[in-house]
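Since the structure is predicted, the reported quantities are computational estimates derived from the model, not experimental observations. Along the sequence shown, residues carry numbers from 1.
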Amino acid sequence: MSGPRILIIIQNLWVPFDRRVWLECQALVAAGYDVTVVCPKGPGDPSYEVIDGVTVHKYKAYAPGGSKVSFVWEYAYSFLATLRLVFRARKAGKFKVLQACNPPDIFWPIAMLLRRLDGTRFVFDHHDLCPELFQSRFGGTTSLPYKGLRFLERMTHRKADHVISTNDSYRRIAITRSGKANQDVTVVRTGPDPDKLLRGGADESLRRGHRYLVTYIGVMGPQDGVDIVVRAADHIVNNLQRTDIAFTLMGGGDSFDDVVALRDELGLTEYIEFTGRVPDETVRAVMSTADLGLSPDPKNPLNDVSTMNKTMEYMAFELPVVAFDLIETKVSAADAAVYVEPNDVAQYGDAIVALLDDQVRRRRMAKLGRERVEQVLAWKHQQKAYLEVYDQLTGHVSQLGTVAGIRNATGS
């Protein structure tokens with residue numbers, strides 16, 4: 001007999017590409033839950049499939065652009081497409097819990113509808129701060145769109161039976177800004193899987209004839225700082241006269257075309273390679289060859305209190321990290337990173353060169369980073385708190401969780 005039915009909704013990524021959500025799905029399945037996901041299609045994806053025991057319903061993604069108006073159209077379309085697939089999935093039986101992941105904060109009405117129809121409980125998995133994301137992209141806190149996002153965030157928090165926050169900063173916001181009770185908010189960090197993210201043999205051809213290789217992996221949006229990497233490379237090559245460093249930047253996003261154009265404008269095609277989104281095998285090869293990882297997220301209202309998955313992935317691959325001095329980045333990386341004055345391009349480039357020239361320090365930082373992932377940050381240390389939330393809400397006793405009570409896992 002299958003366990004309680006769980007429905008997970010995501011909009012900005014798809015499974016299994018969304019590593020956090022996929023780890024959550026796998027943990028729930030292993031604990032005896034029946035898991036269904038509704039999400040957009042990835043490249044070449046079918047509308048329906050079952051992946052490793054997880055039932056997945058997917059709709060065709062629609063992303064008209066990065067303007068304020070385009071976000072409204074995108075989210076309206078996604079809401080309606082999601083609602084349609086939720087009721088298709090519901091034909092197989094009622095859901096005990098609906099988990100909505102953000103961005104955006106728009107799915108609480110679906111949760112309320114299922115609560116009214118079926119008594120479904122609502123868990124909010126808080127990945128991003130949508131008001132701060134808007135503020136970081138467009139500026140200001142007095143505009144109607146910003147106030148609307150604060151309203152949606154507040155409603156999502158308040159309607160949720162339980163909030164899962166990715167770090168302590170997000171947890172504090174749920175409590176202080178939206179009024180959630182302490183016991184109704186649990187921190188579950190997006191811990192990497194050290195058994196899968198493991199440094200292998202280097203592929204020297206990936207250095208493209210250069211002595212050193214540094215890498216970036218992740219989304220390339222306006223708030224992600226990939227333009228800073230390109231400008232730091234310009235400083236390294238043309239001001240510091242260092243031509244022995246190659247940059248491989250993996251990922252895609254709204255700013256991809258802009259940062260590629262910036263590279264070409266600065267004449268850095270010999271030094272910077274943009275791969276776009278690549279398969280795991282390519283990621284593993286690049287990360288196993290690179291000498292350090294880049295977390296160039298500039299300081300802004302969003303980035304300062306957000307946990308960057310790429311930082312922990314670098315650590316898992318034994319890569320020391322160069323980052324700006326941000327609150328939650330320091331919580332994640334601790335002594336596995338060097339921290340630069342926020343948003344200073346020249347200092348960021350100088351820090352890259354200094355770390356590459358200090359092999360002893362790099363080795364020490366690499367060891368500390370890997371140990372921190374294995375001992376503190378790894379998903380196996382996070383999933384217990386995650387499953388406890390579900391066991392408490394459903395009364396199910398999983399192999400890894402307990403109904404004895406929900407523990408507020410704060411990490412370290």
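Smallest separation of non-hydrogen atoms from Val163 and Ser165: CG1-OG, 3.8 Å. Trp14 approaches Pro40 most closely through the heavy-atom pair CB-O, 3.1 Å. When all heavy atoms of Gly53 and Val29 are compared, the closest pair comes out as O-CG2, 4.2 Å.
Proximity of the aromatic rings of Phe79 and Tyr75 is defined here by a centroid distance below 6.0 angstrom, and this criterion is not met. Between Tyr62 and Tyr77, the gap from one ring centroid to the other is short of 6.0 Å. Between Phe324 and Tyr348, the distance separating the two ring centers is shorter than 6.0 angstrom.
Gln223 and Ser136 are not linked by any side-chain donor-acceptor pair at a separation below 3.5 angstrom, with hydrogens and angles left out of the test.
A cation-pi arrangement is present between Arg5 and Phe95 under the rule of less than 6.0 angstrom and at most 45 degrees off the ring axis.
Between the side chain of Asp45 and the backbone N or O of Gly42, at least one donor-acceptor pair lies under 3.5 Å. For the pair Asp161 (side chain) and Phe122 (backbone), a donor-acceptor distance under 3.5 Å is present.
Using a 4.5 Å heavy-atom threshold, the side chains of Ser332 and Met308 count as separate.
With a 6.0 Å radius and a threshold of 12 heavy atoms from other residues, nucleotides or ligands, Arg20 has its CZ atom above the threshold.
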key: Asp258/Arg263 under salt bridge (charged side-chain N to carboxylate O under 4.0 Å, His left out): CA gap, chis, key distance, verdict   = CA-CA 9 Å; Asp258 293 335; Arg263 175 201 64 179; over 6 Å; no
